[in-house]
Structures are given as C-alpha cells and as structure tokens.
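Below is one structure, written out as structure tokens; the observations come after it.
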Amino acid sequence: MNANAPNSVWTPQGWRGDASAERIVPGIANLHSHAFQRAMAGMAERQTNPSLGLGPSGGHDSFWTWRETMYRFAARFTPDALYAVAAQLYAEMLEAGYTSVCEFHYLHHAPDGRPYADPAAMSRALIEAARDTGIRMTLLPVLYMTGGFDERPLGERQRRFGHEVDAYLRLLDTLRAEQNATLRVGCCLHSLRAVPPAPMREALAALPADSRVHVHIAEQVAEVEDCVAVRGARPVRWLLDNAQVDERWTLVHATHLDQGEVRDTARSGATVAICTTTEANLGDGLFPLRDYLDAGGYWGVGSDSHISVSPVEELRWLEYGQRLVTRRRNIAVSVGADGSDSVGETLLRGVAASAQRSTGFDAAALAGDTLVLDRDAPAFAGATDADYVDRWLFSGNRNLVREAFVGGERVVVEGRHRDREAIARRYGETLRALLAD
C-alpha cells in the first residue's frame, strides 16, 4: 500500500481513527453507470409533445419518452467523445467518494450499426478513461439483441448497441485479456426484453465460472406487464426460474418485486443495484428496501444516468423515499448482534458488503480503496465516533470527501481530483462539439 494511504478501517464496532484523528470510510462502489449519459444530465427536463404518444405511457412523459431523447444523444458519440465524457465523470465520482465503478456499456458500434475497425474501440475508450483518472473499473459489455419481449428487431437508433452471441463472446475474450489490478471484465445482459432465452443461455454457458453478470430488470411497470404477457411470469421470477442466479449476479433496479421475488432474490445471494436518483428522475418507482433488508438481501447503489454523481445523495434519498411512503423515520436500520440503530452505518455497511460480489474484485484489493473525510468541516463540529457517519450522509450538500485512495494511491487531494482542470477542459470542448448542431 502507498505510504500516504490511511491506515484506519471501518469495523462493525464503529469508527477507528489514526493518531491524527482522521475520519476514514471505505470507498464506495458505484454498481451501475452509463458514462455517456453524464453529458445529457439536465437536458431531458422539458415536457415532450404529448401527441407523439411514445411508449406505454401514451401522452405522458416517462422513462419511454426519456429513452427517445437518450437514443438521439447516444448517436453522436465517437470513441474520443466517450473518453472525454467518461474521464470527466470518473473524476467527479472519485471526488464524491466512488472509488470503483461497474460500467454497463452498450455503445459498441458506429451510429449506423457497423463495427469499428477495432470492435473494442468504444470499450477501450472507457478503459483508458478509468486508467487515466485512477478509478477501479468493472467493465460490463452489454449483450443487446432485440427491441422487446416479442423479439422484434432492434430499431434504427438501437443498431449501434447490437451483437449476435458469437461476436459478443469474442469481444469479452478480447477485453478479458486486458484485465489488471484495477480492471475486471464481466458479462452484461441488457434486459430480458433485449436478450431472448436461448441466446441468454448460450452466453451464460460460455462464461468463466467467476464472471460477474449484471442485468437491468423490473425497472418499469410496463416491462413487468410485457414479461407476464409474453413469458407468463414476472421478470425477476422468470430469471430466478430460468438461470442460475447466485452471488455473481447483480440485478439492476429490480424496482417492482412481489413478496416472493423479494424473498427469493435475497436467498439467491444476488445483489440489487438501486439507483435512487435516476429511478426518481425517470419516475420508475421505489425499491422495497425494508422488506429486502428483513429478508437479508445484498444491495448497493449506482448513479446510472448521472443526473447526480454523489453516493451521499443516493444513500440519503434511498432512506428518504422509504420515509415518504411509510410516513415513518429511520427505516434502514439493522438492530441486532451485528447490526446498528444508525441509518448511516446500516447504509454504509450495506454498500461495503456488496462491493466484492458486484465488482469481482477481492477483499484485499478493495481494502486499499478508502476516503478521508474533511474533519474540519462545520458539519463535523463536535462529532463523535457514534455520529460521524450519520453526519456525513445527512448534513447537507457540501462534499465532505477530502482525499480518495484507490489501491492505496491517492487520486483526490483537498477535495480535487489530481487532473481536474485538464479533464474538465477536454470535457468542455467535447460537449460543445456534441451539441454544436
């Protein structure tokens, strides 16, 4: 470990600071990211033309109308543009306290659907952005084959996402050869509507035994209804019954679960990636957190579309959403022999417990990913070991991360990424070019 890295750790008993009374927390794993979408944050907040009638929502704005805006924006990206946007995003993540990211990547080809001369060009742009910023990455190339549960062909704006299974597996083989101390490559099924059953089984059977598998699932009510209509079961139930779902799996969103799905997802050992700010922004719904905690399920958070790049906000609003629907306070607690009556401690332990399962990095590697909080911040005045975490997560919007370490290497100093200015300059130039017309 780098000599400058902090030597304190989070323990079940509470906070343990070093001789200088630093306040140190584990780096947080961002379990779900679409890097290119950071560039369109705030650009889909105007009402669309209700006469378009896009998607199952008819004349109302919803996930489905937002998706049309996203498709138009995605068509503008080149490998160079993706690198610039991803580097900006990853620097922001590190400053905010995310030290690893699971990148759910489906911009594979040129906008017309033809592969680049190097079929891995877009993937390599993400790998380079992660390497240059210093964030730990699990790259998840996406298998995307059909436009719905009825197996319709991909639409024109989806063509750059598509792969047949053989080409997809070749891409995984190419990228796995580049794995290193801070890079893992996993498998990603875009969703059940985008991967029919037979190709899903073929792809899964070809994976290494330790490969991580991520999938969007049960994000929208319309998705649940379509799955029932075509496959005769709700999406999470269908997946549990038709795949060997275990601790290697991460179910992204899983917003709409019945009680049996809550119980059996928890029993499977899979992790749920909850993306609270994006799910709120898109009007998806609220994950049944209390029931899932009671069932002993693993979970983590992701910033998904990056309308917010803050683990504090994801965790805070995960709790606040539960308070709004139950009209009670302090929902996410795990009181018991190994638990805590602190909401903040329960939330932080939850994301720490899922990091290894979802990212594929071992505990020894993740132990070098730590954050040093700004002990001199007004929010921490008079703070004690017992209330530091709650103060961090529930005391406003000032970023309290002073330093961030990945694998023992310091990448954030005094709250600023080491290459912030150069990265931001390139991002600004790139975004102006993307929006030029």
Side-chain angles (χ1 to χ4, degrees), residues 29-32 56 62-63 191-192 214-228 233-241 243 245-247 249-305 308 311 313-336 339-354 357-358 393-394:
N30 188 329
L31 301 191
H32 191 61
S62 68
F63 165 85
S191 55
L192 296 186
H214 289 228
V215 59
H216 286 138
I217 198 162
E219 178 180 3
Q220 286 283 320
V221 171
E223 174 193 351
V224 175
E225 293 171 344
D226 286 352
C227 190
V228 170
R234 298 167 60 87
V236 171
R237 174 54 55 201
W238 188 92
L239 185 67
L240 292 169
D241 289 346
V245 178
D246 56 24
E247 67 275 3
W249 283 73
T250 296
L251 310 188
V252 180
H253 302 304
T255 307
H256 301 287
L257 304 179
D258 63 23
Q259 285 297 314
E261 290 170 321
V262 168
R263 178 196 64 228
D264 292 343
T265 299
R267 287 178 178 174
S268 75
T271 297
V272 173
I274 308 168
C275 307
T276 314
T277 60
T278 291
E279 289 153 5
N281 183 268
L282 297 179
D284 290 343
L286 283 171
F287 179 77
L289 180 65
R290 185 64 261 170
D291 289 345
Y292 194 64
L293 291 176
D294 289 342
Y298 285 89
W299 62 275
V301 295
S303 57
D304 194 355
S305 67
S308 173
E313 189 168 15
E314 298 298 337
L315 292 169
R316 180 186 300 160
W317 278 101
L318 178 59
E319 166 69 16
Y320 282 176
Q322 308 301 311
R323 295 184 187 189
L324 287 169
V325 296
T326 63
R327 298 184 298 280
R328 296 189 291 112
R329 300 188 70 253
N330 301 329
I331 307 299
V333 293
S334 298
V335 179
S340 172
D341 60 3
S342 159
V343 173
E345 289 182 10
T346 300
L347 293 174
L348 193 60
R349 289 176 185 168
V351 295
S354 66
R357 290 167 172 258
S358 287
L393 297 182
F394 295 98

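The basis for the numbers below is simple: all heavy atoms, side chains too, and nothing from hydrogens, waters or symmetry mates. Everything numeric in this text was worked out from a predicted model, so none of it was measured. All residue numbers refer to positions in the sequence shown, counting from 1.
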Between [X] (side chain) and [Y] (backbone), is there a donor-acceptor pair under 3.5 Å?
X: Glu225; Y: Gln220; value: no
X: Thr265; Y: Val262; value: no
X: His32; Y: Gly300; value: no
X: Thr277; Y: Glu314; value: no
X: His256; Y: Ala222; value: no
X: Asp291; Y: Gln259; value: no
X: Arg234; Y: Ala218; value: no
X: Arg290; Y: Val333; value: yes
X: Arg316; Y: Leu393; value: yes

How about [X] and [Y]: do any of their side-chain heavy atoms sit closer than 4.5 Å?
X: Glu319; Y: Ile331; value: yes
X: Trp299; Y: Leu31; value: no
X: Asn281; Y: Asp304; value: no
X: Asp264; Y: Arg237; value: yes
X: Ser303; Y: Thr278; value: no

Are Leu251 and Val215 close enough, and set up right, to give a side chain to side chain contact (heavy atoms under 4.5 Å, CB included), and what steps lead you there? CA-CA 5 Å; Leu251 310 188; Val215 59; 3.7 Å; yes
Can you label the angle between the His253 ring and the His216 ring as parallel, tilted or perpendicular, going by 30° and 60°?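 Taking His216 first and then His253, their aromatic rings lie parallel (interplane angle under 30°).
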What's the spacing between [X] [atom1] and [Y] [atom2] if we round to 0.5 Å?
X: Glu279; Y: Ser305; atom1: CD; atom2: OG; value: 10.0 Å
X: Asp294; Y: Leu289; atom1: CG; atom2: CG; value: 9.0 Å
X: Ser191; Y: Glu223; atom1: OG; atom2: CD; value: 6.5 Å
X: Leu257; Y: Phe287; atom1: CG; atom2: CZ; value: 5.5 Å
X: Asn30; Y: Cys275; atom1: CG; atom2: SG; value: 7.5 Å
X: Leu239; Y: Ser268; atom1: CG; atom2: OG; value: 9.0 Å

So with a 6.0 Å cut-off around OH of Tyr292, is the heavy-atom count from everything else above 12?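 Yes, enclosed.
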Give me the atom names and distance for the closest heavy-atom approach of [X] to [Y].
X: Val245; Y: Ala270; value: CG1-CB, 3.8 Å
X: Ala266; Y: Gly296; value: CB-C, 4.2 Å
X: Tyr298; Y: Gly269; value: CD1-O, 4.2 Å
X: Val351; Y: Ser354; value: O-OG, 3.2 Å
X: Pro235; Y: Ile217; value: O-CD1, 3.6 Å

